[in-house]
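In what follows, a single structure is set out as structure tokens and then discussed.
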Amino acid sequence: MDGVINGFSKLTKEQKIQWVADNFAQNPEDMARQLASWQHPDAAQQKILDGFTENALTNYPLPFSIAPNVMVNGKVYAVPMVIEESSVVAAASSAAKFWLNKGGFHAEVLGTVKLGQVHFRWHGDPKLLQQLFPELKATLFNSSNDLTTNMRNRGGGILDIQLIDFTAEEPGYYQIRASFETCDSMGANFINSVLERFGNTIEYFFDTRNDLSDRDRDVEVIMCILSNYTPNCVVRAWVECPVGELEDLARHAGLPGPEAVDRICTAVRIARLDPYRATTHNKGIFNGIDAVIMATGNDFRAIEACGHTYACRDGQYRSLSKAWVENGVFRFELELPLALGTVGGLTALHPLAKRSLEILGNPSARELMMIVAATGLAQNFAAVRSLVTTGIQSGHMKMHLTNILNHLGATDEQAAAAQVYFADQTVSFSAVRTFLQG
Ligand code: MEV
């Protein structure tokens, strides 16, 4: 069959590129040359990148940007962001600057507990399992002592182990839910290693109990894996200011401060009550969050999955942020789970993730949670402010103008002239093409 290959992973990188180009390119020579050309010039650095995944052909660059002036709890950060979307960094930077002389962002970590699960089947009397559980729990702690020593020395480890009975929903199904403190590491490998040890221990525990019947000795571990839903690993970030000091909030749109505040609060309430709007609203929050997560070598899929589950924790998907006025003070707040690490994983390996952490002053995981939440809030504030005043397209298309000019092959002179011309004109693909042709 065309396009099928055995042993692709065994080929050298050059052979892989050639095979892909020969089989899938319109112009194989051109594709092979381009894929080969995106390698890092320093072989040692490239080796690190190639080590991240199987079958790496080349690198896929994205811009590494900075949102300056992000003040969190009185400390000013230059926040590294990796994202392709034109207006995201500009929006975060503008919100950061706006709040800089109004106290900046405030943030607090509400908890750092991570979770893991062992899912197993057992068909004995549930009361007997409850009776055996204290002994099983102690055995689980003891059996993983060697794996948890380092983490315990750093102040973390296993916090608790619970047994949960799901037999009413699924015959014989129980779950061990363990909670962990993983200090400055995201802790996925640590947690998963401990959980797999738990799985073996559970099997051994039942298998070797001569006081149990044959049926009660029979346990079946289905799977052991961390849960990316961490509702107790949560951070809150907020901005606040007397409404009377917000006259500049939407001056660019000619809107008095209190009216702009009212429109922002209404927009956020809409995102709390309507899941269609909530999804887009939260997407805007994750524009900021994912970009810092990417820049610092953290796992953005885990963060997104968890954030969206948290957003529907009361049964309906809602906005992760809230905005209100109380006693004349406007408050815009974001609360979400962020299971982040600043040691281990890619944070130490990816050369630019290391740089990002350096730029942030090598923060602890807790500090990074607060920086990331503040950036998500900045992004959300900027998006909602634009939406309820000028709309987002004018700013977005101004930023996108460069992409259109590049796409149409504009020269530097044409691009400079276009930037001047489109400063007060609506940007569209056809308008830019017409401008370049004229
Ligand atoms: C675009 O990437 C993000 C926004 O749609 C977010 C929002 O609507 O709040 C502007």
Side-chain angles (χ1 to χ4, degrees), residues 62-67 70 79-99 105 237-239 246 249-250 252-253 255 259-295 300-301 303-305 307-308 310-312 316-324 330-336 338 372-404 407 426-429:
L62 284 171
F64 176 102
S65 313
I66 288 286
V70 180
V79 177
M81 301 177 79
V82 170
I83 189 159
E84 86 300 343
E85 193 175 324
S86 309
S87 50
V88 167
V89 178
S93 308
S94 135
K97 192 77 181 295
F98 178 82
W99 285 103
F105 297 88
W238 69 98
V239 285
L246 285 170
L249 184 60
H252 59 293
L255 209 59
E259 269 179 52
V261 166
D262 179 55
R263 291 176 69 89
I264 288 175
C265 293
T266 306
V268 178
R269 284 199 303 276
I270 291 170
R272 288 197 73 73
L273 66 89
D274 172 31
Y276 289 86
R277 174 58 203 149
T279 306
T280 317
H281 180 97
N282 288 345
K283 188 273 185 186
I285 294 173
F286 281 107
N287 274 346
I289 289 186
D290 286 358
V292 191
I293 302 292
M294 286 278 280
F300 64 91
R301 285 88 54 213
I303 295 301
E304 284 261 357
H308 295 302
Y310 195 72
C312 52
Q316 187 191 309
Y317 188 86
R318 297 183 191 283
S319 149
L320 288 163
S321 61
K322 292 181 186 163
W324 69 95
F330 169 63
R331 179 158 163 138
F332 196 110
E333 177 181 293
L334 169 65
E335 185 188 298
L336 86 168
L338 286 175
V372 170
T375 312
L377 183 67
Q379 203 64 48
N380 188 216
F381 171 80
V384 174
R385 180 174 61 163
S386 293
L387 286 169
V388 302
T389 54
T390 55
I392 57 153
Q393 275 312 83
S394 60
H396 186 77
M397 291 308 281
K398 289 265 152 40
M399 295 301 300
H400 195 52
L401 176 59
T402 311
N403 292 343
I404 299 175
H407 186 86
T426 303
V427 177
S428 72
F429 200 86

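One-based numbering, in listed order, for ligands and for the atoms of each.
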Euclidean distance, Leu320 CG relative to Tyr310 OH, rounded to 0.5 Å: 8.5 Å
For the residue pair His407 and Phe429, does the interplanar ring angle fall in the parallel (under 30°), tilted (30 to 60°) or perpendicular (over 60°) class? perpendicular
Measure the acute angle between the ring planes of Phe381 and Trp99, then classify it against the limits of 30° and 60° as parallel, tilted or perpendicular. perpendicular
Ligand 1: which residues have a non-hydrogen atom closer than 4.0 Å? Glu85, Arg277, Thr280, His281, Lys283, Gly284, Asn287, Ala383, Leu387, Ile392
With heavy-atom distances below 4.5 Å as the criterion, would you say the side chains of Val239 and Phe98 are in contact? no
State, with a plain yes or no, whether a side-chain heavy atom of Leu336 is found less than 4.5 Å away from one of Asn282. no
Only one of Leu255, Leu249, Thr389 forms a side-chain contact (heavy atoms from CB on, under 4.5 Å) with Arg263, so which one is it? Leu255
